[in-house]
Amino acid sequence: MEPKIKVGVIGAGTMGAGIAQVAAQAGHAVLLFDARPEAAGAAVKNLSATMDKLVAKGKLDRAQADGTLQRISPCAALAAMKDCGLVIEAIVEDLEVKKRVFAELDHCLAADAILASNTSSLAITAIAAACSKPERVIGLHFFNPAPLMPLVEVVPGMMTANGPAAQCSLLMQAWGKVPVTCKDTPGFIVNRVARPYYGESIRIFEEGIAGMAQIDHALKTAGGFRMGPFELMDLIGNDVNFAVTNSVWRAFFHDPRYTPSLTQQRQVESGHLGRKTGRGYYDYGTASTPQPVEVEEQLAMCIVERVLAMLINEAVDALFLRVASAADMDLAMTKGVNYPKGLLAWADERGAAHWLGVLENLQAEYGEDRYRPSPLLRRMARTGGRFR
Ligand code: NAI
C-alpha cells in the first residue's frame, strides 16, 4: 500500500466523520460520501468548529488544522472513490444495505484497493460475500469518539487475504492508533468480552444485593474502573447497549452467558435511554453527574469480584477459542474501553484457581449455565499456568 493513499469514507455520521478526521490528520486526502446529500458538507463544517477549538486549546497549530480540513472533500457518488486505496464504510448497521454498497465499491475500485467496514455487529465474512474479491474486504472497527479512542479492531473475514490485514494494522499504527487483530466472531473482542460488565452488574442489582449507585461506586473505587456500569450504560445509551447485548446473544445462538436482562429491556421501553434523554438509570434533570453512594468495603469487594470473575471468564474463553492473542485481548480492553488493566493480566494476579473458585461457587449457588467456567480457565487452574 502506498504510504499516502487516498482514503474514502462512506457515511458522514458519528463514526464516519471521526474516521475522516483521523485519516486527514494523518495526512491522507479523504473523500467523504453520505447518502444524505447535505451530510458530508455538514460533517466538514462541524469538523471546522472542532479544529478551531483544538487550535484555541493549543492542541494543534493553525496550519495543521487548515491542512486537515483541506484534505477532506465531500463527494456526491461512490464512483468518485475510484482512485482510493482504502475505503472505510461507516453507514447504517444493516447487512443488506452494506452488501449493496460493498458490491458497488467492488465494481468501481482498483483491484488492489482495500474495502473496510466499521461494523460493530455484522459478520465481515457476510459483507465480503457480496464482493467478487472478498479477499480484500476487512473489518476496521474504531471506537467512539474515533479521533480520541486509540483502539482499532482489525478483523479479517473468512476469505480475507493476509496482505490486507497486515497492511491495515501498519496503517492504523501510522495513524497513531493501537490495532489489535481478531477473528470474525460476534462482538469481536471488546463488545463480546465487556458484556458481563453490564449484565452481571444488572443481575446484582436485580437480586437486591446493592443499589445501582452502590454498584457503580464499588466498581470505581474497589475495581478501579473509570466509570460504573450504570453510568456507562447511560452514557452509551440504553437502547444502543441493549441492541449490542441482543445482537451478541442472537449471534451466539442464544448462549445463556449472553442473555439480555429484563431490567435493561424495561429501561428501553420506558424511554429512559440515558444522558441523551435526560434520564436513564440516573436522572440528569437535577444534577448532570450521578451522586456516588458509599458501599461497605466488604460488599464492594464481593461485587467487584463477581463482575471481574465473569469478565475474566469471558476473556479467557475468547482466548480459548482463538479470537485474539492474549496481548491483543488485554490491549483491546485497556485501549478500547479504558479498563484499568487487561483482564488476562488481572487474572494472573490472583491466579486462575481463584477465579475458577468464584465461578464454581456462583454456578453451585444458581445452577445456571451463565456461570460455566471456560475450559481454559479450568486447565490453567489445574496446571497453575499464567495467561500473560
Ligand atoms: P450514524 O447514524 O451516526 O451515521 C450513519 C450515516 O450513514 C448517516 O449519516 C447516514 O445518512 C449514512 N448512510 C446510511 N445509509 C447509507 C448508504 N447506503 N450510503 C451512504 N451513506 C449512508 O451511525 P454511526 O453511529 O456513525 O455508525 C455507523 C457504523 O459504525 C455502524 O455500522 C455502526 O455499527 C458502527 N459503529 C458505531 C459506533 C458508535 O459508537 N456509534 C462505534 C463503532 C462502530
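Predicted model only: the values in this text are computed from it and were never measured. Whatever order the structure lists ligands and atoms in, that order sets their numbers, starting from 1. By convention here, the first residue in the shown sequence is residue 1.
Remark: Lys220 does not engage Asp216 in a salt bridge, criterion side-chain N to carboxylate O under 4.0 Å.
To the nearest 0.5 Å, the span separating NZ on Lys177 from CZ on Phe142 amounts to 7.0 Å.
Side chain of Asp83 to main chain of Lys6: no donor-acceptor pair is present (N/O by atom type, distance under 3.5 Å, no hydrogens or angles).
In this model, a donor atom of one side chain and an acceptor atom of the other lie less than 3.5 Å apart for His141 and Ser120. Side chains of Thr245 and Arg195: a donor-acceptor N/O pair is present below 3.5 angstrom, by distance only.
In this view, Tyr366 and Tyr371 satisfy the ring pair (Phe, Tyr, Trp, His ring centres under 6.0 Å) rule, not counting sequence neighbours.
Enumerated by chain and number, the residues approaching ligand 1 to less than 4.0 Å through a heavy atom are Ile10, Gly11, Gly13, Thr14, Met15, Phe33, Asp34, Ala35, Arg36, Ala90, Ile91, Val92, Glu93, Val97, Lys98, Val101, Asn118, Thr119, Ser120, His141, Phe142, Asn144.
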